[in-house]
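In listed order, ligands and their atoms are each counted from 1. Index from 1, following the sequence.
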Amino acid sequence: MAGIAIIGAQWGDEGKGKITHLLSGLADMVVRFGGGPNAGHTVMHRGKTFKFHQIPSGILYPHVRAVMGNGMVVDPDELWREMEMLRRAGVELRRLTVSGNVHLIFPYHRLLDRSIEDLSGERAIGTTGRGIGPAYTDKAARRGVRVQDLLLPEPELTQRLQHALRFANTLLVHLLKSEPVALDAMLERARLWRERLAPFIGDAFAAVHRALQEGQTVLFEGAQGALLDLDHGTYPFVTSSHPTVGGVLAGAGVGPDALSRVIGVVKAFQTRVGSGPMPTEVRGELAERLRGSGANPWDEFGTTTGRPRRVGWLDGVALRYSVQLNGLTELAVTKLDVLTGLERVAVAVAYELDGVRLETFPAQQAGLDRCRPVYEYLPGWNEDITGARRLEDLPAAARDYLRFIEELAGVPVTIVSVGPATEQTILCAEYQGA
Ligand code: IMP
């Protein structure tokens, strides 16, 4: 069996889209296992830029089957826009399967998301506003409406929606002082979704297992990042799902033996969007330099929300945590080229908390706010590395930086990205091929 998980090792936006796209060329199936339209994967394919939120980007390859697994929450309006984008580009959509167990994001989930954020004031999470938290809340409370419910006889679908709306409207009217959502309007929406989605609804579980049993290569495409995990991330500043390897198992319905490799995607520096602690955050000129101007789609502005991302030096403590949390077998380091031209490059190798040196991520999350990074500095490089295709093409200082990351993480770096295009990638000697 050849299942390969691609996991964001930081706070999301690590460049998973590019790495997934690169490996999709060698895969038979690509599976999204969690999250929803809060994700934004920018992919350059044959000279064109595509922005994916919900559909696995592997669908761009005609030989790849794309699966949206049960762990996802999906906004069908957004999904339709993505489908239209792909149709316009001539992509065949018959290769897409949406699990019937996926939970639906209704417009009231988005409304709740934004209203709850407003009400939270200083305690706001800085969500993407896509209704993710409220949709997963309904799922956990067992009143969520699933994709398969769209296929039910109408009276049953109505009952389910009525039940979900009873709670949503109580919150909206009494707590959030908003207008209630009308059942009829939601039913109408659900009918449209049924018409549009019915051809794609299928048994994702069976499809994934069949592929694995036949020895096909199945990529599990992560969204968000390990430090945003509901259990293991920087709670409460997290998303409402499990972007970690555990999320692959639950969100695609496979056992651990399905995975032969777990690739952690890590940016050569650190970014975060939304609130929450970030010990290595920098501001001022260096921040602007790392973030980019926003002129390019790969600059550090949210793909989903357009918000400028917070930026900082690579956090080695968080990276080690992520390696353990996910059983990462290797790393794909992205955006190494962004560091070109800096006199020196810093990596946090430990934290200092109340005068005590910490080598591990603090168990008491409250402490993370007060952790100060302990940096090691490495020499920078000035050579343009965007044309490098082998490790030997990199200046010695850039190679030393990669070696430093490997030693810090305790796992090999097998892929290095030196630019946004797929071909701007170094597959290292250790790389075994997918
Ligand atoms: P939510 O997932 O929209 O509820 O947002 C919760 C937190 O996760 C916020 O800090 C978001 O900025 C962050 N987040 C959610 N999705 C992504 C992503 O794809 N990349 C980076 N951050 C994300």
Looking at D28 and R65, is there a salt bridge between them, counting it only when a charged N and a carboxylate O are closer than 4.0 Å? no
Thinking salt bridges, do R309 and E300 make one under a 4.0 Å N-O criterion? yes
Quick check on E195: does its CD atom have over 12 non-hydrogen neighbours (other residues, nucleotides or ligands) under 6.0 Å away? no
To the nearest 0.5 Å, what is the distance between CG on D337 and OG on S417? 6.5 Å
List of N/O pairs, ligand 1 versus protein, all under 3.5 Å?
| unit_1 | atom_1 | unit_2 | atom_2 | d |
| --- | --- | --- | --- | --- |
| ligand 1 | 2 (O) | N38 | ND2 | 2.9 |
| ligand 1 | 2 (O) | T239 | OG1 | 2.6 |
| ligand 1 | 3 (O) | T128 | N | 2.9 |
| ligand 1 | 3 (O) | T128 | OG1 | 2.6 |
| ligand 1 | 10 (O) | V273 | O | 3.2 |
| ligand 1 | 12 (O) | G126 | O | 3.4 |
| ligand 1 | 12 (O) | V273 | O | 2.9 |
| ligand 1 | 12 (O) | R307 | NH2 | 3.1 |
| ligand 1 | 16 (N) | Q224 | NE2 | 3.4 |
| ligand 1 | 19 (O) | N38 | O | 3.3 |
| ligand 1 | 20 (N) | D13 | OD1 | 3.1 |

Who pairs with F301 by ring-ring contact (aromatic ring centres under 6.0 Å, His included), at least two apart in sequence or on another chain? none
Which pair of non-hydrogen atoms, one from P56 and one from E221, has the smallest distance, and what is that distance? CA-OE1, 3.2 Å
